[in-house]
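Each remark here refers to the structure printed beneath this line.
Letters go in sequence order (proteins before strands), and every chain restarts at 1.
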Amino acid sequence: MDSVGFHLAFWSLAAITVGGALMVIVSRNLIHAVIYLILSFIGVAGLFLTLSADFLALVQILIYVGAIAVLMLFAILLTPHAIRDNAETPMRYPAAILMGLVIAAGAFVALETDWGAMRDEAIPAQARVIGESLINHYVLPFEIGAVLLTAALVGAIALAREDEEDVPIHRDSLAQESLAQEAPGGLPEAAVAVAPPASGPAAGPSSPSAGGPSAGGGA
Amino acid sequence: MNGDGFPILSLLVFLPTAGALLIALLPSERVPTHALLGALPGNEAQRARWLALLIALASLGISLGLFIDFDRSAGGAAFQYTDTFTWIKADDVGFTVTYAFGVDGLSLPLVLLTSLLTTVAVLISWRIDLRPKEYFAWLLILETAVLGVFTSLDLLFFFLFWELELIPMFLLISIWGSGDRNYSAMKFVLYTVFGSAFMLVGFLAMGAAASTFDMREIREADLADAFLPVQAIFAFVLIAFAVKLPVVPFHTWLPDAHSDAPTAVSVILAGVLLKMGGYGILRLLFTIMPEVGADASLSLAILAVVSILYGALVTIRQTDLKRLVAYSSVSHMGFVLLGVSALGVTGLSGAAMQLVAHGLITGLLFVMVGLVYDRTHTREIADMRGLVHHMPIIGAVMIFAGLASLGLPALAGFVAEITVFLGAFSRHEVPTALALVGVLLAAGYMLWVLQRSFFGPRDDRWEHLEDAKSWWEYAPMAVLCGAIILLGVYPKLVMELFELGTQPIADGLQLVRAGLSDGSVAALPGLGGGGG
Amino acid sequence: MTIALEEYLVVAAVLFGIGLYVALSKRNAIGVLMGIELMLNSVNLTLVAFSRFSESAVALSTQVFVVFIIAVAAAEVAVGLALAMVVYRNRHTVSIDEINLMKW
Amino acid sequence: MSEPVPEGIIWLIFFLPVASFAAIALWLRRAPRLAGLTTVFAIALAFALSLYTLAEVIGENGVAVGFGTHELFSAGGLIVNVGARIDGLSAVMLVVVTSVSLLVQVYSLAYMRGDRGFSRYFAYMSLFTAAMLGLILADNLIMLFAFWELVGIASYLLIGFWFHRPAAAAAAKKAFLVTRFGDLGLLAAVILIWSRAGTFDIAEINSDVVALVGLGLFGQTTLTLFALGLIAGAIGKSAQFPLHIWLPDAMEGPTPVSALIHSATMVAAGVYLLARFFPVLEASAFASDFIAWIGAVTAVGAALLAVVQTDIKRVLAYSTISQLAYLMFALGIGAYPAAVFHLMTHAFFKPLLFLGAGSVSHTTNTFDMTKMGGLRRAMPLTYITFVIGSLSLAGIIPLAGFWSKDEILIDAWDHNKAIFIFGLIAVGLTAFYMFRVISLTFHGDYRGGEPPAPDEHGVDPSHPHESPRNMTVPMAILALMAVIAGWITFGGEFQTWVNGALPQFEEGHFEWRTGIFLASTALAVAGIGGAVLIYQRGLIDVAALRAAPLVAPIDRLLANKFYMDVLAEELLVRRLFYGGGARLAAVFDVQVIDATVNGVWRATFNLGRWGRLAQNGQVQTAAAGLFVGAAVIWGVVVIF
Amino acid sequence: MLGEVNLLGPELVLMTVGGVLLVADLFLRDRRLLMGVAIAALLGSVLYATILLADGKVGGTAFNEILVFDEYALFFQFLLAGGALAAIGASWETLGRIPSRRGEYLALILFSTTGLMLLAGTRDLIGIFVALELTSLSQYVLIGFHKDRLGSEAGLKYLLLGAIASAILLYGMALLIGLSGATNLGAIADFVGGAGPGQFEALIFATVFLIVGFGFKAAIAPFQMWVPDVYQGGPTPIAAYLSVASKAAAFAVLIRVFFEALSDDLLSEHWSTIFAVLATLSMFVGNVIAIQQDNIKRMLAYSSIAQAGTIVIGLAAISADRSELLGASGILFYLAGYTVTNLTAFLVVIAIHNKIGSYAIDDYRGLGRRAPLLALLLAFSLISLTGLPPTAGFFGKLYLFQTAVQSDLAWLAVIGVVNTAIGAAYYLRPIKAMFIDAPAEGAPLPASFRPGAALGVTLALTSAGILVIGLAPSLLIDVAEEAVRTIML
């Protein structure tokens with residue numbers, strides 16, 4: 001790992017990774033930010049390669065770049081009225097301090113810790129070994145992971161699709177919102193309290209409640 | 001011997017709760033008549049109060065029976081009628097709660113006082129027509145809690161009852177009270193919880209060190225290697241009792257709670273709840289940690305004197321009749337602390353006697369103030385004048401109560417106060433001498449208030465007032481007056497028991513003091529080794 | 001100088017810090033999600049670095065772990081974006097600082 | 001020891017009035033006539049038994065008859081007993097109290113007729129008599145103190161008997177509080193002696209403890225403190241300077257009450273107490289001197305005040321103070337038998353005077369002498385008895401008052417010349433103010449009395465008339481006693497009986513000193529003559545005299561009762577205590593203690609108000625919280 | 001192989017039925033049936049666990065020691081199943097609002113419960129992570145399930161924060177794995193026992209991040225900020241579920257990780273202080289801010305933060321010497337009592353909201369007269385939360401405070417009891433509103449206050465639980481001790 005090429009590869013990939021990430025911060029356009037994010041992901045994938053984790057690098061590219069980043073782009077496109085300037089909140093100052101602290105602490109730990117003996121060679125034949133491991137040693141997490149993905153899928157669909165039959169629970173009203181913006185004295189809960197009573201409990205499952213105008217879903 | 005086998009104390013303690021449940025389950029008038037329940041006579045309020053009276057009388061009967069049957073011989077110093085089983089047991093870790101009831105000479109009179117005053121409270125609440133079922137149910141649950149405090153022999157069991165009393169009190173004050181009742185009820189609860197919070201830590205530390213919470217065993221245990229210094233445990237537990245007693249400066253909940261509570265609750269509050277503090281000091285602090293008690297004696301005496309004098313001074317300035325009586329309690333309960341600080345049988349018995357005497361007398365005072373308030377609808381002393389003209393009987397009993405309160409001989413308060421003084425003087429001369437002034441001040445505020453509100457010319461404003469005329473008004477007055485006179489004329493009736501009950505405590509203290517004086521020869525006089 | 005574990009870990013730490021900053025400072029909820037992804041990437045990098053260098057039996061485990069993390073990250077993003085869409089439908093905004101109907 | 005008197009008899013004396021009190025309180029509230037008769041009957045019986053007791057005790061030369069004690073209760077080392085002690089002193093007192101009480105009750109039957117509180121009155125009177133008898137009988141300090149307090153309460157109730165009068169209610173309270181101030185001293189003495197000597201028994205204290213002091217085994221200081229405590233109690237009860245201020249006000253009570261309680265019995269209890277503990281007083285020189293000087297000052301001071309009063313009962317009240325002061329200094333200078341003797345004679349002529357005053361007011365509706373005058377024609381019997389009483393009080397030979405006063409003066413001459421001078425001055429003043437009263441009340445022209453208040457019972461005062469027989473007969477009997485009661489001194493037996501109460505037996509004797517007789521008589525006659533000349537003959541214009549430049553300040557001083565009442569009530573109680581200390585405490589309670597409690601709560605509450613602001617609903621704040629939390633934990637690790 | 005899968009049975013039942021529900025959702029809408037299936041699944045899971053227990057399978061491990069079926073896990077399985085049952089029982093009304101997605105809703109609850117159960121029964125960091133994410137993801141969706149303004153906001157907040165917390169947790173795990181070279185808790189424990197001085201800093205760093213990650217789930221301050229918003233915005237049954245089940249599992253995994261993996265003397269010395277500080281912070285933050293709340297859900301949310309702080313007292317006590325068992329069993333006992341108590345409170349809140357449509361405490365005025373039973377039950381649960389007798393909360397607090405005192409943390413117990421006093425201030429508020437205040441003018445006045453059958457039964461069970469634990473805590477204490485003993489070894 002002392003070869004010049006390796007050095008070059010490591011440093012450039014590190015630069016890409018970190019630089020991409022930094023550009024996510026700096027970039028003034030959300031779409032650009034996603035692009036830089038992808039760059040950073042690719043950098044990480046490259047670093048995986050330098051660590052002989054070929055399979056993971058592949059997965060990294062596939063999932064992060066191919067799925068996650070793309071999802072984000074879609075999401076950005078689907079929220080046309082939302083701001084796109086990748087602006088920052090006033091939290092950026094404390095965030096910067098925390099960032100500094102975390103990096104310092106992480107670097108300190110990384111550099112000062114006795115990490116024990118070092119291995120010379122990477123483990124071989126990774127894709128197959130990992131696969132075997134997944135269905136042997138880690139079959140339980142694997143199973144759970146499958147359920148997790150199912151749950152996420154189902155959940156995302158359940159959330160994303162529009163259900164006209166839903167009976168809204170919170171009556172949205174202007175009063176509620178205005179109250180929410182007030183000083184601590186005026187509480188958003190008060191608005192909930194003002195809401196008219198819910199429909200009778202006997203209301204059938206498929207019959208929408210008669211109580212209150214259903215203003216919940218309107219986009 | 002004494003009722004072996006039959007859990008008479010469990011019956012006594014839980015009978016009121018059972019009665020409360022029964023009352024709560026009584027049909028209210030809104031329920032259509034039931035074949036069986038519909039046959040019950042009277043309306044909701046009538047049924048509730050008669051049932052409550054029945055239960056209260058039953059528990060009074062049991063208490064009286066115990067009082068008569070109690071073994072007063074020298075061998076009777078131990079707890080009697082004990083009723084014990086291990087309730088909660090966490091193996092290995094010493095978290096054990098014993099279901100343990102028992103009475104000795106110290107607690108029995110207080111048990112009797114509790115059931116007596118509860119009966120009085122039920123009677124004096126006869127006219128409650130706001131949610132009567134709930135009212136009487138809570139009142140009876142309150143009785144259970146107080147009786148439980150006086151009879152439990154396990155620290156955590158004691159604590160359980162101690163806390164149990166909060167909820168009924170909170171509701172009773174804030175639903176049926178007057179004035180700023182929510183504030184007062186909340187203040188009462190927060191104060192008490194605050195105090196008992198520290199008590200709990202103290203208990204836990206004791207229990208952890210002794211690996212038992214049983215009072216009878218913990219007394220023998222060595223608390224020296226507790227997780228807290230013994231002094232800290234003592235101080236922690238004392239805070240709770242000082243709040244309850246109350247000791248200045250932990251007293252400000254008392255005037256608020258008293259003056260805003262309904263009459264019956266004021267009676268219970270002054271009559272028995274305050275007593276829990278004094279009882280606790282005697283039963284727990286001095287019994288379990290005599291060495292610290294002996295060390296703290298002077299501090300307690302000083303606190304007592306401050307309470308007595310300061311309480312009396314503040315009392316004099318009160319313009320509200322009920323608040324005045326309430327503040328007078330602060331002063332009078334200072335005598336309890338003074339007696340306690342004396343460490344000897346005399347002082348301790350005097351303190352115990354003061355508990356009972358104050359319970360009866362202040363109970364009566366609150367009954368009277370309540371009757372007056374029911375009629376005048378004001379508690380402002382300045383608004384009252386010449387009430388005796390319109391209510392001769394109430395006035396007379398009020399005067400009687402006032403005189404009893406200022407320590408008139410032949411009445412219970414005198415016996416208690418003089419015993420306290422005699423007991424305390426030999427140990428704390430200057431504090432006791434100062435405390436004497438409290439007697440004068442007590443006469444001052446009592447007589448002054450009588451002069452202002454009961455004497456003086458007729459006032460046309462009060463022309464419409466009626467004197468007491470119902471049996472349920474007479475009965476409490478008669479019973480309490482009778483008891484006050486009886487104990488004043490024949491104090492041996494309970495003093496005998498108190499002597500029996502405080503002897504072991506005083507012995508423990510004596511032993512420690514002997515140890516201390518021996519230890520004073522050693523290099524570290526301040527830290528007498530573990531007593532017992 | 002040898003490129004060894006420490007260097008990777010430092011890079012990962014820096015990446016984590018940047019991710020943190022992004023997550024804590026961006027107005028757009030999707031921006032926050034990006035920050036989270038950066039943090040997760042940093043974790044992945046750490047794990048893979050351990051897998052490569054660490055002289056112990058977990059070389060494989062760490063890589064498996066990374067697989068799981070990537071899967072979970074994807075799932076999280078999916079659900080997160082779905083929720084962001086719901087919020088957008090309700091409020092026409094995904095600005096984090098405006099999503100504060102409930103507070104105090 | 002043989003028992004000349006069965007113990008039952010003694011207790012019966014005590015329980016008779018108790019029974020009458022209980023009977024009235026429980027059953028006879030609405031039967032006033034019966035209530036009055038019950039009381040009279042009970043006290044008459046008690047009187048008879050007292051006479052019997054006295055006779056038996058005389059048979060024993062007045063030496064104490066002991067009975068066993070009965071334990072009331074015990075608490076550790078404290079054992080409180082109940083027991084009676086009969087000796088010459090208490091037997092005499094029993095007779096005095098029951099006899100005066102009996103006469104006063106009879107008088108009251110008429111005097112209080114028609115009062116709405118008739119039954120109540122007799123109940124209180126019974127209670128008082130019972131308590132007084134208990135006080136006399138007590139063989140130990142606890143019991144004595146208990147009855148001491150009960151007597152005070154009975155006095156309180158009776159002074160405030162007409163509670164609808166604000167002045168009466170206030171006077172009752174004042175009386176109780178001022179006496180209780182002194183009672184604190186007594187209580188302290190009780191506590192002190194028990195903690196040092198371990199006994200309450202009067203006989204033990206008088207003999208054993210005093211003997212121990214003599215042997216140096218018991219602290220002299222302690223004994224002095226004990227004696228001072230007793231003196232404090234006595235000063236309060238017997239209305240001596242500076243605690244005398246309650247007695248004149250106490251005249252707001254019904255006149256028979258003043259006659260019984262505030263002249264003959266309760267106020268004499270202070271003297272009785274000191275007489276009981278005479279050996280203790282003797283053993284403490286400081287205490288003796290102290291009480292002697294208190295008495296001397298009070299005797300003259302009160303007599304001076306009596307001179308300027310216009311209210312007949314207030315004159316008598318100050319006179320009582322003055323006479324009791326005589327007893328005090330008599331005890332102080334060691335004239336124990338003389339003091340008891342004067343106590344007895346005073347207990348006859350002073351009630352007589354009060355009853356006379358009551359008789360006068362019965363027809364004039366007032367005690368204000370400026371509204372009386374010339375009553376001697378309308379009320380001859382009252383006039384005669386009143387004059388007899390006054391002469392006796394003034395110490396004119398051979399009336400009872402002379403003999404007792406003379407004895408005191410003789411002892412004073414022997415022991416302390418300065419105090420003797422004070423005593424002589426008091427004699428002159430006494431004669432003067434009494435005859436001032438007689439002149440203003442019975443001589444001159446009738447000035448019309450006071451019409452009755454609309455809501456009170458009363459008669460038309462325009463035509464004064466003699467009082468009914470129920471009133472005059474007791475007065476006559478008392479007048480007789482005021483004449484003859486002093487004659488028992490001649491053989492010295494009385495002194496012997498009384499001495500019998502002391503641990504060491506001492507034969508009593510009668511003494512006669514012509515010089516002192518002449519001096520006191522001269523002063524008395526001068527006083528009488530002066531009063532007659534000034535107030536009857538109008539020799540000096542009193543108003544002009546009082547306005548005279550030299551006299552005026554003195555007059556103002558006297559008119560304001562030496563400013564004692566103002567000092568005590570206005571300055572000490574109202575300003576310093578109520579407006580100062582108590583106010584401070586009350587303000588402190590609200591502004592500091594309760595404010596702190598509420599402040600703690602409010603602080604918690606506000607903490608929540610600010611704290612919740614951190615929960616600003618922003619995801620990123622919450623996220624920052626995660627890292628801040630991590631940093632905090634890290635910090636904790638680093639620090640600890 | 002079946003032997004291994006056998007131990008996974010309870011979870012497997014849930015996962016399977018969850019899948020079935022997802023499918024059934026496509027053509028079934030009968031909420032009674034769907035609810036029945038979900039409840040049956042939970043009961044089946046409990047039954048399975050009971051059979052395993054009876055079969056002597058307790059103590060076994062499976063899947064290469066990733067899954068462990070010990071009494072500790074079993075305890076939590078019962079507890080979590082109970083929490084889930086209550087949540088489902090309370091969801092009748094919620095289901096009525098989502099006619100087209102009932103299956104998903106129920107399935108997600110089951111999945112989430114699966115994740116929580118696995119969290120308590122996993123001894124491998126990877127397993128823990130995946131289980132945690134399974135439960136979290138399901139919960140994010142459930143919170144936002146109503147897709148209204150508050151719900152979606154709550155869901156998004158929860159997700160973003162949860163993801164950040166996960167990232168932190170993962171960073172800590174990664175470092176721990178790198179240090180120890182193992183993912184199995186036992187192996188990590190071996191490493192920690194022999195950790196060198198050069199590794200200590202990193203170990204602490206990792207530990208801190210683990211605490212943050214788990215503390216987030218357990219709603220310990222200062223990682224609590226999501227709690228009130230999420231509870232308020234999400235469907236109330238889910239809020240109830242989060243407040244008990246999620247918290248319980250978080251503590252389960254905290255105890256297991258810290259006990260089994262990180263119980264080295266040098267380390268645990270620090271934990272004690274850390275946890276004591278966190279406990280103090282949580283109790284004060286929760287209690288003090290709760291006083292200010294007017295919305296009962298928000299109030300209960302803050303209360304749950306304070307309660308978490310109380311539980312952390314137990315963690316601090318474990319870490320201090322001598323009373324390891326006491327602390328852990330105290331936590332288990334408290335959690336059980338807290339579960340029934342808080343569920344009761346939430347269930348009543350749901351029942352009342354179903355009728356009056358409000359969560360405002362002010363709208364509770366006069367309920368004592370109009371709905372005496374519900375009001376009494378709410379009062380009872382609040383009394384238990386305060387820690388007054390005769391309730392589960394009373395003994396729970398007693399037990400935990402004793403652990404603190406025994407572990408030389410008397411000061412912490414003092415803080416705990418002072419907070420009990422502060423807690424009384426706001427717990428009494430709804431009681432006061434219901435029983436003391438007169439109803440406001442024009443307040444909604446429904447005639448009948450009967451909760452639905454499912455809600456009613458659940459409510460009866462949970463409130464009975466409060467009383468039973470309050471009157472006879474011994475049984476539960478024994479069970480808790482037994483459960484803790486298995487992870488002590």
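- Heavy atoms only, all atoms of each residue included: B:Ala208 and E:Gln406 are closest at CB-NE2, 3.4 Å.
- In plain terms, the two heavy atoms of B:Ala205 and E:Val405 that are nearest each other are CA-CG1, 3.4 Å.
- Around the CG atom of E:Leu475, the shell of radius 6.0 Å holds no more than 12 heavy atoms that belong to other residues, nucleotides or ligands.
- Within residues 176-189 of chain B, the residues having any heavy atom closer than 4.5 Å to a heavy atom of chain E are B:Asn182, B:Met186, B:Val189, listed by residue number.
- Residues E:Phe401 and B:Val201 are not in side-chain contact: their nearest non-hydrogen atoms beyond the backbone lie 4.5 Å or more apart.
- Heavy atoms only, all atoms of each residue included: E:Leu388 and B:Glu163 are closest at CD2-OE2, 3.4 Å.
- Residues E:Phe435 and B:Ile175 approach most closely at O-CD1, 3.5 Å, considering heavy atoms.
- Side chain of E:Thr420 to backbone of B:Val193: no donor-acceptor contact under 3.5 angstrom is found.
- No donor-acceptor pair under 3.5 Å is formed between the side chain of B:Trp87 and the backbone N or O of E:Pro473.
- Note: B:Ile88 leads B:Leu200, B:Leu171, B:Val97, B:Ile88 in heavy-atom pairs under 4.5 Å with chain E.
- Interface remark: B:Phe236 contributes side-chain atoms only to the contact with chain E (heavy atom separation under 4.5 Å).
- Of all non-hydrogen atoms in B:Ala197 and E:Val418, the two that sit nearest each other are CB-N, 4.1 Å.
- Note: B:Ile167 CD1 to E:Leu382 CG = 9.5 Å, rounded to the nearest 0.5 Å.
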Please evaluate residues E:Val417 and B:Phe194 with respect to the criterion side chain to side chain contact (heavy atoms under 4.5 Å, CB included), reporting the C-alpha separation (whole Å), side-chain torsions for both, the decisive distance (0.1 Å), and the verdict. CA-CA 7 Å; E:Val417 291; B:Phe194 179 81; over 6 Å; no
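- Of the atoms belonging to B:Leu160, heavy atoms from both backbone and side chain fall under 4.5 Å from chain E.
- Ranking E:Ser474, E:Ala421, E:Pro389 against chain B, the residue ahead of the rest is E:Pro389, based on heavy-atom pairs under 4.5 Å.
- The two residues E:Ile436 and B:Ser174 make their nearest non-hydrogen contact at CD1-OG, 2.7 Å.
- A salt bridge links E:Arg369 with B:Glu134: at least one charged nitrogen is closer than 4.0 Å to a carboxylate oxygen.
- Residues of residues 426-434 of chain E lying under 4.5 angstrom from chain B, judged on non-hydrogen atoms, are E:Leu428, E:Ile431, E:Lys432 by number.
- Of the atoms belonging to B:Leu166, it is side-chain heavy atoms, and not backbone ones, that fall under 4.5 Å from chain E.
- Between B:Leu156 and E:Phe394, the closest side-chain pair of non-hydrogen atoms is not below 4.5 Å.
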